[in-house]
Amino acid sequence: MKTIENRIAALEQSVRFYRIGFFSILLFASFVIFSSNNKAVQVVDKIQAKSFEVVDNNGNVLVQINKDDKGNGQVITKSSSGNNLVRLFTSVGGAGAINTFSSNGNLNFKITNETNGGGYLAMYNSDQLVSVEMGSLTSKAGYVTVNNADEKEVVKLCTNTLSDGFISTRNHNGNEIFSLSSIESDGGASVYISNNSGEKRLSFSAGTKGGRLGVFNNSTTRIAYVGCEDDQTGYISTYNSSGTKTGNIGN
């Protein structure tokens, strides 16, 4: 009887031993898994290569990092069809430049530098002709030009010699037909309106002396004048085609 009891006791002891061993192994495995999940990912400090490409699952190049024909670095992103989308490179003047392209690879937008060292921005139409330009003048002031569909300048915003604002519009022949600026000798504003050939026909001004209007004939000779005189009185005068005064009202 004792022999059976002893055997049962030994069996129970063996079960307890295996149970303790099993749970010990389980705890150790859990610790290893937990530790491995919290271990910092090892990464290299630097990767160096002469060029680098990113491709999609079909092997199409989507990004290129290499050097341009000047020996400077450039980055190009591409569509899956192979057309350029964005290009970062070096301009002719050695400055950084950015070009963006439409889905068909046509140039849309450009950022680079002016030859005088300032910044330059250009937007292109669907024919890849410049439609809008912005940049820095040699005077270090800014300018904006708007071109027509033939890339001819039709509107310009910039500064005059006094560093005041200036607006000019031109026709498709390049002749200035309207300008708005300050009066260089008197402050205030002046407006000139010209015909299709760029010949002045009307002038308006509003300076410190008051408002004034001039009318010109086809020979650009002033034939009528209405304005405020220096003594703040009104004055009207008329002239013949040669510019000789023919009458006046006022002082």
Side-chain angles (χ1 to χ4, degrees), residues 110-125 127 129-251:
K110 175 191 291 185
I111 298 178
T112 181
N113 66 305
E114 296 276 7
T115 55
N116 59 28
Y120 173 82
L121 180 152
M123 286 176 280
Y124 294 75
N125 61 22
D127 293 328
L129 299 176
V130 177
S131 57
V132 179
E133 292 180 281
M134 301 174 63
S136 175
L137 300 168
T138 55
S139 62
K140 299 183 180 180
Y143 75 90
V144 177
T145 61
V146 178
N147 300 331
N148 64 12
D150 298 321
E151 207 177 38
K152 294 180 179 178
E153 180 185 305
V154 290
V155 179
K156 186 165 189 174
L157 288 77
C158 59
T159 61
N160 60 15
T161 55
L162 294 178
S163 294
D164 295 331
F166 174 82
I167 300 174
S168 171
T169 63
R170 299 176 181 272
N171 59 21
H172 63 278
N173 294 320
N175 296 319
E176 186 177 72
I177 55 177
F178 175 88
S179 68
L180 171 62
S181 183
S182 61
I183 306 171
E184 295 191 5
S185 60
D186 193 32
S190 63
V191 177
Y192 293 97
I193 300 176
S194 304
N195 64 11
N196 201 45
S197 300
E199 298 168 333
K200 184 167 58 177
R201 292 292 178 265
L202 290 173
S203 66
F204 302 88
S205 65
T208 58
K209 306 299 183 181
R212 294 171 178 176
L213 164 66
V215 179
F216 301 80
N217 63 17
N218 288 335
S219 300
T220 65
T221 300
R222 190 174 71 174
I223 57 174
Y225 167 85
V226 179
C228 178
E229 296 300 284
D230 291 352
D231 61 1
Q232 300 301 291
T233 59
Y235 186 82
I236 300 175
S237 60
T238 58
Y239 305 82
N240 63 20
S241 60
S242 300
T244 301
K245 184 182 291 186
T246 57
N248 65 275
I249 299 175
N251 294 334

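Computed from a predicted model, the values in this text were never measured in an experiment. Computed from heavy atoms alone, side chains included, the values below leave out hydrogens, waters and symmetry copies.
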Can you give me every donor-acceptor pair (side chain of residues 172-180, partner residue at least two apart or in another chain, under 3.5 Å) with its distance?
unit_1: Asn175; atom_1: ND2; unit_2: Asn196; atom_2: O; d: 3.1
unit_1: Glu176; atom_1: OE2; unit_2: Ser168; atom_2: OG; d: 2.5

Answer with yes or no whether the side chains of Asn160 and Ser182 bring together a donor and an acceptor at under 3.5 Å. yes
To check you understand the geometry: which heavy-atom pair defines the closest contact between Phe216 and Leu202, and what is its length? CD1-N, 4.2 Å
With no hydrogens and no angle check, is any side-chain donor or acceptor of Asn125 less than 3.5 Å from a backbone partner on Ser131? no
Are the side chain of Asp127 and the backbone of Leu129 linked by a donor-acceptor contact shorter than 3.5 Å? no
Among Glu133, Lys110, Glu114, whose side chain to side chain donor-acceptor pair (under 3.5 Å) with Tyr120 holds? Glu133
Nearest heavy atoms of Cys228 and Gly210, plus distance in Å: CB-CA, 4.0 Å
Taking atom CZ of Phe166 and atom OG of Ser190, what is their separation to the nearest 0.5 Å? 9.0 Å
Applying salt bridge (Lys or Arg N to Asp or Glu O under 4.0 Å), which residue pairs with at least one partner in residues 147-172 are found, sequence neighbours left out? Glu153-Arg170
Measure the spacing between OG1 of Thr244 and CD1 of Ile223 and express it to the nearest 0.5 Å. 13.0 Å
First locate atom CD1 of Ile111, then atom CG of Leu121, and finally report the distance between them rounded to the nearest 0.5 Å. 5.0 Å
Minimum heavy-atom separation for Ser241 and Asn217, please, with both atom names. O-ND2, 3.6 Å
Please find the pair of heavy atoms, one from Thr159 and one from Ser139, that lie closest to each other, and give the distance. OG1-OG, 4.4 Å
Please report the closest heavy-atom contact between Ser136 and Tyr143, naming both atoms and the distance. N-CE2, 3.6 Å
Kindly compute the distance separating OG (Ser237) from OH (Tyr235), expressed to the nearest 0.5 Å. 5.0 Å
Taking only residues at least two apart or on different chains, which pairs with a member in residues 218-228 satisfy side chain to side chain donor-acceptor pair (under 3.5 Å)? Arg201-Asn218, Arg212-Tyr225, Arg222-Tyr239, Tyr225-Glu229
Taking all non-hydrogen atoms of both residues into account, name the closest pair between Val130 and Asn147 and its distance. O-ND2, 3.1 Å
